[in-house]
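Proteins get letters first, then strands, A, B, ... in listed order; numbering begins at 1 in each.
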Amino acid sequence: MLSTVLDRKAEKRFALVDCNNFYVSCERLFNPALMGKPVVVLSNNDGCVVARSQEVKDLGIKMGIPVFRIYELIKRYDVQVYSSNYSLYGDLSGRVMSTLAYFAPDVEIYSIDEAFIDLSGFRYRDLTEYGNEIRQRVLQWVGIPVSVGIAPTKTLAKLANLIAKKSSSGVFDLSVYPSMDEILSQVDVGDIWGIGFKYATWLRDKGINTALQLKNADESLIRAKMGIVGVKLQLELRGESCLAMELLDNPKKGTCVSRSFPQSIDTLPELKEAIASFTHRAAEKLRRQKQSASVITVFARTSPFRDNFYSNSATAELDLSTNYTIELSRVAAQLTESIYRKGQNFKKAGVIMTGLVSEKQVQGNLFDVSNDEEKMRSRNLMSVMDTINEIYGRDTLRFASTGVIQVWKTKSEQRSPKYTTCWQDLLEVS
DNA sequence: TCTGGGGTCCTAGGACCC
DNA sequence: TCTGGGGTCCTAGGACCC
């Protein structure tokens, strides 16, 4: 009896497949000369380091550091610098994910470069071997190196992946390792999935420095500070699976488009232009997701790294939810006027759509005066715009309100070609 | 003097993730 | 001089209701 209970507890097996230095690996795939060289990929506006090759990690360059702080190192070690090329990364991500689908029916795409695979049904196989197959197949079919961590819970699989990354084989199955506690005692508490800077600081303050110490820590202490999330985390560390696979593509609860400006903006027309453009992008996203928004928030702020930080936002509720660009833009323009302050140097702004409902469920409003024919015409206009922009490239067709000057436009000076998603950028072999 | 109690809903803010 | 963007979940506390 007891053994069957234990059996059931040990039933689950999760693999976390994580692409190694994903953005850097994407750049290297189309430019093999980058192999073995230090490479970084930068965030929007070429602001911060968001991906690093191993050589760069070895130089001690941290994730998220502003690039201007490491110019010296870049020069000295001839670090290759790239702007983000999201269309390339997104396309390659899709190829990795579809390759993973060959290995198990249940794959949860967790982020652009990570997926959980439910291997519970395969647990009597040698999963280390299976992990190796996964690794080799992705490398062969897509050209991206991945690491595979395997364990009885998602949290432990994340942890196993950290170890896999450091190992030469790139695969680590924690569930067959003789002493899990020994491993946990070597993992810093801040490296656990779900423990960020704030919690890590607090935990260390309480003398909890390792994953093993967190696993064995007083539950009421953890609950008081971290709530139910902390309790589940402890259980997961103990091998009891609390976080299930999320397989349904849940509809989004909010959609946000925001940008930092390369130079700050201080006039109302410029701010309106920027926000108009973000609103257009957000409306496009909503239509792609087949959703409509009923609440719209506009925000703008100055640089948090300067004195006299100023930040403001305004929200409006729509009578009738919509994903029609012109309606959303009209509201966004009014909101922008209400948050603008003369004399402020705005460095970032954005628009957030919430109260999202499925396009089909949009409730009619008694006071809605537009007739069906009008609605049909708006819908057709949007769908024509979306199609043209999809075929001929973003912003082929756009509204005049998004501006002609576009001083706010994102900087991206080191972008590699869109090798896989744009005909003009196809790699040429001669 | 002494001023209910419990439920629900909503929102803002705080934490986290990649 | 130069510091990303887009999400999720949970909780506490206030409003409101009977």
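- Between A/K154 and A/A244 the shortest heavy-atom distance is NZ-O, 2.8 Å.
- Closest of all the heavy-atom pairs between A/A160 and A/L174 is CB-CB, 4.1 Å.
- Using a 4.0 Å heavy-atom criterion, one finds that A/G64 contacts no nucleic acid atom at all.
- Remark: A/K252 is not in phosphate contact with C/dT8, judged by side-chain N or O atoms under 4.0 Å from OP1 or OP2.
- Taking the P atoms as reference points, B/dC17 lies 25 Å from C/dT3, given to the whole Å.
- Judged by centroid separation below 5.5 Å and plane tilt below 30°, A/F305 stacks onto the base of C/dT3.
- The closest donor-acceptor contact from the side chain of A/S25 to the backbone of A/N20 lies under 3.5 Å.
- Rounded to a whole Å, the CE atom of A/M63 is 12 Å from the P atom of B/dC17.
- Nearest nucleotide to the side chain of A/K253, out of C/dT8, C/dC10, C/dG4: C/dT8.
- Contact annotation for A/L42: no contact, since no heavy-atom pair falls under 4.0 Å across all strands.
- When heavy atoms are screened at a 4.0 angstrom cut-off, A/K285 is found touching the sugar-phosphate backbone but no base atom.
- With the nearest nucleotide of DNA chain C identified for both A/I228 and A/T255, A/T255 has the one nearer the 5' end.
- When each of A/N44 and A/E246 is assigned the nucleotide of DNA chain C bearing its nearest heavy atom, the one mapping closer to the 5' terminus is A/N44.
- In this entry the distance linking CD1 of A/I109 with P of C/dG7 reads 16 Å, nearest Å.
- For A/F299 and B/dA12, the CZ to P distance is 15 Å, given to the nearest whole Å.
- Across all strands, A/D46 comes closer than 4.0 Å to no nucleic acid atom at all (heavy-atom distances).
- At the heavy-atom level, A/K158 lies under 4.0 Å from the strands shown only through sugar-phosphate atoms.
- Pairing for B/dC10 goes to C/dG13, judged as Watson-Crick or G-U wobble with the two contacts each under 3.5 Å.
- Candidate nucleotides B/dC16, B/dC17, C/dC10 were compared by shortest atom distance to the side chain of A/Y199, and B/dC16 ranks first.
- Between A/K225 and B/dA15 there is no side-chain polar atom (N or O) within less than 4.0 angstrom of OP1 or OP2.
- If you take CE of A/M353 and P of C/dG7, they are 11 Å apart, rounded to a whole angstrom.
- Salt bridge A/R287/A/E284: absent, no basic N to carboxylate O contact under 4.0 Å.
- Nucleic acid contact for A/I352: none, since no nucleic acid atom lies under 4.0 Å from a heavy atom of the residue.
- Within the nucleic acid shown, A/R69 comes within 4.0 Å of at least one base atom, counting heavy atoms only.
- At a threshold of 4.0 angstrom between heavy atoms, the contacts of A/V257 are confined to the sugar-phosphate backbone, with no base atom among them.
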